[in-house]
Amino acid sequence: MTNFEIVEGSPGLRADEVVHVFIPGRGRNSTGDGLTTSGANRAELAAKFYIEQALEMRNGVIVPAGYKTPAENNGAPWSPEDNPSEVFIGIPEAELMRRYLIARGIGATTIRAERYSIDTVTNFVYAERGGYFPDDRPVAIVAQEEHLDRMLKIIAPRTLRRDYLGVVVPETGPDKEHDSFLARIFSRSALLGITPETENAVETTTRRVNGMWTGVNFTRRVARPISSINK
């Protein structure tokens, strides 16, 4: 059995009380048709947790979330089998995680892939508001330690309508990822005035996130020519 590292979210919630699993996206590879190592590690641990906690016996679901960030446009056009008229740039993170989970033995009917969100905040908002969870029972959020800290302290309290806790994806040595101060500012800004009951949370957070990424992309475009001049 895996020794899962659990981080408290909702006060007093225990791992054996969790029913559902949530996997926020962690990026795609440079070709847009595969997961980053961090994303694959999240899916791997989520599969282990779901299986070892016997959550299928309790009608629990796994919700992998994410399309891509607005700054990334890798990959060829892709359409899901269940909606061939819908076209994505590359394969959404959630779909890639869904395939990974199925390869690890998770039943396809228990996986509900949220393919539209564009950052961590909208991962949460879209999954909760989009009906991906069948009920309001507790959820385990699977992510690396520092990212999980932002999710549990900043994002989940303002977006989830259920109890939650965190499951830490192990990291070792120089491979450990760090969550930036700017990411925390972005999350707080996107969630300003948002609560789990805010009616227009999807529209508001999407607009704010797109706006912030527009600024980031503009800065990058300006910085490149300046950098080349200074070389």
Determine the minimum heavy-atom distance between [X] and [Y], stating which atoms define it.
X	Y	result
Ile62	Pro64	O-CD, 3.4 Å
Arg129	Thr195	NH2-O, 3.2 Å
Val61	Pro134	CG2-CD, 3.7 Å
Ile102	Ala108	CD1-CB, 4.0 Å
Ala156	Ile141	CB-CD1, 4.3 Å
Ala65	Glu93	O-CB, 4.5 Å

Is any side-chain heavy atom of [Y] closer than 4.5 Å to one of [X]?
X	Y	answer
Leu191	Val121	yes
Leu35	Arg26	no
Val209	Phe186	no
Leu160	Ser10	no
Leu96	Ile91	yes
Arg188	Ile154	yes
Leu165	Glu8	no
Asp149	Glu145	no

Decide whether [X] and [Y] are clustered together by the hydrophobic rule: side chain heavy atoms of Ile, Leu, Val, Met, Phe, Trp, Tyr closer than 4.5 Å, transitively.
X	Y	answer
Leu182	Met212	yes
Val19	Ile51	no
Val168	Met97	yes

Set out, in order, the CA-CA distance, both residues' side-chain angles and the distance that settles side-chain contact (heavy atoms from CB on, under 4.5 Å) for Leu101 and Tyr50, then state yes or no. CA-CA 10 Å; Leu101 294 168; Tyr50 186 85; over 6 Å; no
If you apply the rule side chain to side chain donor-acceptor pair (under 3.5 Å), what do you find for Glu86 with Tyr116, and how did you get there? CA-CA 11 Å; Glu86 190 172 33; Tyr116 306 100; 2.9 Å; yes
Can you list the steps and then say if Arg99 with Glu95 is a salt bridge (Lys or Arg N to Asp or Glu O under 4.0 Å)? CA-CA 6 Å; Arg99 296 177 184 183; Glu95 172 62 22; 3.0 Å; yes
Is Glu199 atom CD crowded by more than 12 heavy atoms from other residues, nucleotides or ligands, each under 6.0 Å away? no
Count the heavy atoms belonging to other residues, nucleotides or ligands that lie under 6.0 Å from CG of Asp82, then report whether that count exceeds 12. yes
Please tell me whether [X] and [Y] have a donor and an acceptor in their side chains that are separated by less than 3.5 angstrom.
X	Y	value
Arg162	His20	no
Asn83	Ser85	yes
Tyr67	Glu72	no
Gln144	Arg42	yes
Thr120	Asn123	no
Glu128	Thr159	no
Asn74	Lys68	no
Thr206	Tyr126	yes
Arg150	Ser187	yes

What's the verdict on side chain to side chain donor-acceptor pair (under 3.5 Å) for Asn200 and Thr198, showing C-alpha distance, side-chain angles and the deciding distance? CA-CA 6 Å; Asn200 63 342; Thr198 302; 5.6 Å; no
To the nearest 0.5 Å, tell me how far [X] [atom1] sits from [Y] [atom2].
X	Y	atom1	atom2	answer
Arg158	Ile155	CZ	CD1	9.5 Å
His147	Leu152	NE2	CG	13.0 Å
Leu148	Glu5	CG	CD	9.0 Å
Asp119	Thr205	CG	OG1	7.5 Å
Arg208	Thr122	CZ	OG1	13.0 Å
Arg28	Asp33	CZ	CG	8.5 Å

side-chain contact (heavy atoms from CB on, under 4.5 Å) assessment of Ile106 paired with Ile111: CA-CA 8 Å; Ile106 306 296; Ile111 306 168; 3.7 Å; yes
Evaluate the side-chain contact (heavy atoms from CB on, under 4.5 Å) criterion for residues Phe88 and Trp78: first the C-alpha distance (whole Å), next the side-chain angles of each, then the deciding distance (0.1 Å), finally the verdict. CA-CA 5 Å; Phe88 295 87; Trp78 176 86; 3.7 Å; yes
Ring center gap for Phe124 and Phe22 short of 6.0 angstrom: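 Aromatic pair counts; centres sit under 6.0 Å.
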If we ignore hydrogens and angles and just use 3.5 Å, is the side chain of Arg161 paired with the main-chain N or O of Pro196 as donor and acceptor?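 Yes, because the side chain of Arg161 sits within donor-acceptor range (under 3.5 Å) of the backbone of Pro196.
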Does Arg104 make a cation-pi contact with Tyr100, if we ask for NZ or CZ under 6.0 Å from the ring centre and within 45° of the axis?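 Ring-cation test returns yes.
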